> 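Structure in structure tokens, see below.
No experiment lies behind these values; they were computed from the predicted model shown.
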Amino acid sequence: MTEASAEAARRRRIEDLQVEILFKHAPLVLVANLLVATGMVWFLLPMAAGITLAVWWILVAATVVFRLAVVIGYRHRTVRSTSWQRLMTAATLVSGMVWGAAGVLFFDPGGGVSLIFITIILAGMTAGSVTSHFSWPPAQFAFALPTMMPIALRYLFEGGGLWMLGPMCLFYLLVMVGFARYIFQTVTNSIRLQIEKQELVQRLHDEKSASESARAQAEEANAAKSKFLAAASHDLRQPLQAANLLVEVLRREPDPAKVADIVEHLGGATHALEELLNELLDMSKLEAGMFRPEVGVVDLQDVFDAMAREMRPIADEKGIALAFARTRMKVLTDAPMLGRILRNMVANAIRYTQRGGVLVGCRRKGDHLAIAVYDTGPGIAPEHHEAIFREFYQLGNPERDRRKGLGLGLAIVDGLCRVLGHKLELASRVGRGTAFFVHAPIAVRDKAVPAPVRETASADLRDCAVLVIDDEPSVCHATIAVLARWGCRALAAESAAEALALMSAAAFEPDAIVADYRLREGRTGAEAIEEIRHSVGRPVPALILTGDTAPERLVEARASGYLLLHKPIQPGRLRAALAALNAAGAPAPESEPAVP
């Protein structure tokens, strides 16, 4: 809210309080009006015409009744309106005119006592209006001016010795008006200070509530991450433990027939480790804002077919059905991101469904398509509908079964949907199942979609000279071994200086550079690549590998401008990236190759 709008709202509140005070005091003022009028009639009855007094008293009573009706109407109002104060001001004006008429109707130049009595009564009523209508100047003036002005003018026009009372009455009226303005300003300032104090108290209360809420959220997040790290340490160590044991068995296994089985289990352990690390990496990339969608026309059936090939064996192994409703619809989205969203939702549905099945389909809703994943699982209670999209939050996994994931799948789904601008909905009934809906815009015309770089085992890298820079000897050794199997000529070094020395000694001219991002002595792979390029005098195609998942480090690595791949990396992905670099002969684009 701007300062101008805040001040306008404050003025409205001040006016509302002023009017509230006006109507709050009105009943007592009206009773006083009727009592004073009755006493005045009783006093003047021996000195004035009875019919005139009666008519005047009836008019006073009528104005009292009308003003009382306005007060009752105001108290039963349903909406804020300025018509009530205008109506009260008009009624007060009529009342003042009736009282002012008494100064003319009952003015008797020869009746000293009655004349003094009337003057005192009208002066008192004028002063009373100042205090009774102090919060609303229009009502003050509407009563005071017509009450005192007629008798003042009557004194002026009477002449003789009485005319001097006319200026005195006018002076008295002027003093009362000035006093009324002073009281009004004082009251207004008091109300303003009260409102500002209330606003300050409310602001302090809101800030305190926000601070407490933020602290509670931070403590909750910290507790969740601490719990996760304690459990994830176990989850990440499990496949590493399996891999270490399998490597030892493989080293001592003399029977070639059993080696293939051991290698298969070893591959499963490394794949499980990669999945866990990829989930952590995706969350870091979301926090770092590194997902940049390339929106194009995506045939949804192609996505469904790829998903069926990948996920149906998992469903079959668990003994539940997995079905995809055929569709001809096309949507505007980023195909790899949508694939990751659906993969996470389908995997989650299979994981929590014990019997029945999972159905994936879509239905049209206006200009959007609701892509749905239904399951017959246990359902999700309403109190968990928001929490399940938080990081590391899991239902029904107190034992931290690694096969149920880390609690990041739906958090990644939510983050990717936000990046794509796709609405995400959840509908669930406990004991009946759950449905997730992703709303994507329907494609109305074809749009070119960049062809993804796919993992491949057939990319020709024979005689490609690759320089590997990594300060971990075991990684260097493994990378050199894999490159050699692909027909590459490879050279490994732990730093740019060592690489330049080895290149000079072996007369090695690299066709591509593969560098780890974090090297020793605080150096980076990007700096090492620049040194190599400067030495050889040409922009050697290069890519960077990193195992860092800190969002700030990912942003820093991406900013280097080189193709960024994340450890652990599948050999097929590395081969595809090197083939792309070798074919382009120039620095690769600033994005990781898309993988089906």
> Going from CG on Leu519 to CD1 on Ile469, what distance comes out if it is rounded to the nearest 0.5 angstrom?
7.0 Å

> Please determine whether a side-chain nitrogen of the Lys or Arg among Arg312 and Asp316 lies less than 4.0 Å from a carboxylate oxygen of the Asp or Glu.
no

> Can Arg340 and Leu416 be said to form a side-chain contact (heavy atoms from CB on, under 4.5 Å), step by step?
CA-CA 9 Å; Arg340 185 59 190 270; Leu416 291 176; 3.8 Å; yes

> List the atom of Leu359, the atom of Ala325, and the distance in Å for their closest heavy-atom pair.
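Scanning both residues completely, I find the closest heavy atoms to be CD1-N, 4.3 Å.
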
> Decide yes or no for Val438 and Cys417: does some side-chain heavy atom of the first lie under 4.5 Å from some side-chain heavy atom of the second?
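Yes; the side chains approach each other to less than 4.5 Å.
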
> Could you check Gln202, Lys208, Arg203 and say which one makes a side-chain hydrogen bond (donor to acceptor under 3.5 Å, both in side chains) with Asp206?
Gln202

> Kindly say whether Asp471 contributes a backbone atom to a donor-acceptor pair with the side chain of Arg520 at under 3.5 angstrom?
yes

> Would Val297 and Leu332 count as a side-chain contact (heavy atoms from CB on, under 4.5 Å) here? Give the steps.
CA-CA 5 Å; Val297 177; Leu332 286 174; 3.9 Å; yes

> Can you measure from CG (Asp414) to NE2 (His422) and round to the nearest 0.5 angstrom?
13.5 Å

> Salt-bridged, Glu199 to Lys197, with N to O below 4.0 Å?
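Salt bridge between Glu199 and Lys197, a charged N being under 4.0 Å from a carboxylate O: no.
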
> Do Leu369 and Lys365 have side chains that approach each other closer than 4.5 Å (heavy atoms only, starting at C-beta)?
no

> Atom CG of Leu578 and atom SG of Cys488: how far apart are they, to the nearest 0.5 Å?
6.5 Å

> Checking Ser211 side chain against Glu207 main chain: does a donor-acceptor pair fall under 3.5 Å?
no

> In this structure, are over 12 heavy atoms from other groups packed under 6.0 Å from Glu317 atom CD?
no

> Hey, does Val360 have a side-chain heavy atom less than 4.5 Å from the side chain of Met307?
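With C-beta onward as the side chain, the pair stays apart.
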
> Could you tell me the separation between the CZ atom of Arg364 and the OG1 atom of Thr327, rounded to the nearest 0.5 Å?
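Between atom CZ of Arg364 and atom OG1 of Thr327 there are 10.5 Å.
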
> Would you sort out whether Asp470 and Thr479 count as a side-chain contact (heavy atoms from CB on, under 4.5 Å), showing the intermediate values?
CA-CA 10 Å; Asp470 197 307; Thr479 306; over 6 Å; no

> With heavy-atom distances below 4.5 Å as the criterion, would you say the side chains of Ile314 and Val346 are in contact?
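Heavy-atom side-chain distance check fails, nothing below 4.5 Å.
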
> Between Arg77 and Tyr74 (side chain of the first, backbone of the second, donor and acceptor by atom type, cut-off under 3.5 Å), is there such a pair?
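Present.
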
> Any chance you could measure Asp375, atom CG, to Thr434, atom OG1, to the nearest 0.5 Å?
5.0 Å

> For Lys318, check salt bridge (Lys or Arg N to Asp or Glu O under 4.0 Å) against everything at least two apart and list the hits.
none

> Considering all heavy atoms of both residues, which atom of Gly357 and which atom of Thr376 are nearest to each other, and what is their separation?
N-OG1, 3.0 Å

> Where do Met345 and Leu424 come nearest, in terms of heavy atoms and distance?
SD-CD1, 4.5 Å

> If the condition is salt bridge (Lys or Arg N to Asp or Glu O under 4.0 Å), which residues does Arg326 pass it with, not counting sequence neighbours?
none

> Flag the pair Leu17 / Ile195 as yes when at least one side-chain heavy-atom distance between them is below 4.5 Å, and no otherwise.
yes

> Which heavy atom of Leu410 sits nearest to which heavy atom of Phe436, and what is that distance?
CD1-CZ, 4.0 Å

> Any non-hydrogen side-chain atom of Val466 less than 4.5 Å from a side-chain atom of Val514?
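A side-chain contact under 4.5 Å exists here.
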
> Between Val358 and Thr353, does the side-chain contact (heavy atoms from CB on, under 4.5 Å) criterion hold? Intermediate values first, please.
CA-CA 8 Å; Val358 177; Thr353 300; 4.2 Å; yes

> Check the side chains of Gln198 and Arg13 for a donor-acceptor pair under 3.5 angstrom, ignoring hydrogens and angles.
yes

> Do the side chains of Thr333 and Met337 get nearer than 4.5 Å, heavy atoms only?
no

> Could you tell me if the side chain of Met311 sits less than 4.5 Å from the side chain of Ile350, heavy atoms only?
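Sidechains of Met311 and Ile350: in contact.
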
> How many angstroms lie between CZ in Arg11 and CZ in Arg192, if you round to the nearest 0.5 Å?
7.0 Å

> Any luck finding a side-chain donor-acceptor pair between Ser428 and His385 under 3.5 Å?
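His385 and Ser428 do not have a side-chain donor-acceptor pair below 3.5 Å.
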
> To check you understand the geometry: which heavy-atom pair defines the closest contact between Cys476 and Ala492, and what is its length?
CB-CB, 4.0 Å

> Is it true that a side-chain atom of Ser213 and a backbone atom of Ser209 form a donor plus acceptor pair closer than 3.5 Å?
no

> In terms of heavy-atom contacts, does CD of Glu386 have more than 12 from other residues, nucleotides or ligands at under 6.0 Å?
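Atom CD in Glu386 is not crowded, with 12 or fewer foreign heavy atoms closer than 6.0 Å.
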
> Do the ring planes of Phe304 and Phe324 sit parallel (below 30°), tilted (30 to 60°) or perpendicular (above 60°)?
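If you compare the ring of Phe304 with that of Phe324, the planes turn out tilted.
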
> For the residue pair Ala315 and Leu322, what are the closest heavy atoms and their distance?
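Smallest interatomic distance, heavy atoms only, reads CB-CB, 3.7 Å.
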
